[in-house]
Amino acid sequence: MAHVSQVQETVLITGGGGYFGHRLGVALNKKGINVILFDIRKPVHELSAGMTFVEGDVRCLAKLEKVLAGVSCVFHSASYGMSGREQLNRCLIEDVNLTGTANVIQACILRGVPRLVYTSTYNVVFGGQVIENGNESLPYLPLHLHPDHYSRTKALAEMKVLEANNTELQGQDAVLLTCALRSAGIYGPGEQRHLPRIVSYLENGLFKFVYGDPNSLVEFVHVDNLISAHILAFEALKEEKDHIAAGQSYFISDSKPVNNFEFFQPFVEGLGYSVPTLRLPLTVVYFFAFLTEIFHSLVSRFYNFQPFLTRTEVYKTGVTHYFSMEKAKRELGYQAQPYSLHEAVEWFKHLGHGRKDPENIQKNVTWNIIFVALLAIVLLAWLLQQSLLNPTASPLHYFKVL
């Protein structure tokens with residue numbers, strides 16, 4: 001009897017050139033699945049057999065249609081505007097997150113791709129309000145309450161993806177099945193967005209204060225836990241799992257609510273630095289971020305600097321919001337594994353980062369002077385704003401608040 005080889009499944013990952021997309025591709029490839037990484041930039045790592053990189057932009061429907069031939073599932077993780085100065089580029093954020101997602105959905109329908117897993121975010125329901133052990137029954141945050149374009153467009157994109165569930169595929173007696181995974185902040189060795197900024201602040205002597213209530217709790221997700229959730233969702237859209245994930249959204253984290261600065265303390269100390277003891281009120285830091293965004297809008301055409309913090313970043317790191325993993329556990333079989341920041345510390349040390357002696361004392365003294373001056377200006381501006389809002393209060397009242 002002739003041996004019949006099993007046809008390998010092929011999936012496509014938008015944003016496959018990025019940190020998460022590439023690592024997801026590697027994990028799927030190890031399971032014997034052919035992987036197409038679709039992105040505007042090639043991954044920095046070499047690709048294994050069974051992995052292919054295709055240069056392309058989700059804003060181009062024609063390129064998406066062409067590359068989806070024979071694909072059984074799309075993992076749509078490409079997005080723009082998550083943090084820093086990217087958050088202030090409204091046009092590009094809307095183009096990538098909205099037009100790009102609409103193109104992915106349309107291309108799946110036209111090319112007969114039966115499954116779509118969307119990488120979403122906590123921010124679709126969060127906009128600075130306290131959320132404790134929230135779940136998927138929470139409504140989307142009203143669009144006008146989103147403090148940034150990224151969160152607003154991710155919410156709209158998730159809506160589009162879930163609304164597309166059960167859409168008939170062109171030329172086939174089948175439908176498109178979709179789901180969305182709402183990720184907490186990602187960390188892990190090689191993470192290229194958040195951790196490098198923290199290292200930069202440490203090395204330039206800019207990490208001078210913490211802020212907010214020390215009892216505030218937020219969540220993070222290790223990259224490997226998020227990968228596990230995506231693979232489980234991919235399987236849960238199949239017939240063998242009764243398509244249980246179809247049309248559903250899931251919060252995904254390490255399931256360990258923690259204070260933001262407490263979470264990063266081992267990372268900071270692992271690189272030889274100390275967490276500052278100065279704690280500022282959340283309102284002061286938010287006001288500082290607000291002024292920074294205004295200044296960025298005025299000078300970005302000439303100097304597109306990296307804001308120290310944006311308003312959304314202040315909310316995301318300083319206001320309590322964490323969610324239940326019960327739905328993901330029950331329907332996907334998701335089980336968060338324990339991880340720490342130790343791997344990330346070692347990765348940065350391998351690259352030559354970490355505190356070195358003797359320190360550049362002159363540089364730190366300069367930054368200290370700049371920091372004190374900026375802090376004084378922000379505090380005075382904040383006090384002026386408060387006094388205008390409440391002219392009957394004594395100026396000493398606000399110093400008591402501080």
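Just so it is clear, the structure is predicted and the values come from calculations on it, not from any experiment. Positions are given from 1, in the same order as the sequence printed here.
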Dump the intermediate steps for side chain to side chain contact (heavy atoms under 4.5 Å, CB included) on L309 and V285, then the final yes or no.
-> CA-CA 9 Å; L309 282 169; V285 180; 3.8 Å; yes
Could you give the distance from CZ (F323) to OH (Y122), rounded to the nearest 0.5 Å?
-> 6.5 Å
H149-E94 side chain donor-acceptor pair, cut-off 3.5 Å = no
Y187 and D254: side-chain donor and acceptor closer than 3.5 Å?
-> yes
Would you give the length of the straight line joining atom OG of S183 to atom CG of N225, rounded to the nearest 0.5 angstrom?
-> 10.0 Å
Short side-chain to backbone donor-acceptor contact, H22 and G16, under 3.5 Å = no
In terms of heavy-atom contacts, G354 and E203 come closest through N-OE2, 3.8 Å
Determine, step by step, whether R197 and E313 satisfy the side chain to side chain contact (heavy atoms under 4.5 Å, CB included) criterion, reporting the C-alpha distance in whole Å, the side-chain angles of both residues, the deciding distance to 0.1 Å, and the verdict.
-> CA-CA 12 Å; R197 278 179 74 189; E313 288 170 337; 2.6 Å; yes
Aromatic Y140 / basic R182 pairing, under 6.0 angstrom, 45° off normal = yes
Quick one: ring pair (Phe, Tyr, Trp, His ring centres under 6.0 Å) pairs with a partner in residues 327-346, sequence neighbours left out?
-> H222-Y339
Side chain N97, main chain Y80, donor-acceptor under 3.5 Å | yes
State, with a plain yes or no, whether a side-chain heavy atom of V74 is found less than 4.5 Å away from one of F38.
-> no
With H76, which of V117, T119, T101 fulfils side-chain contact (heavy atoms from CB on, under 4.5 Å)?
-> T101
Reported CG-to-CZ distance for the pair L64 and R111, which is rounded to 0.5 angstrom = 11.0 Å
To the nearest 0.5 Å, how far apart are NZ in K31 and CD in Q8?
-> 14.0 Å
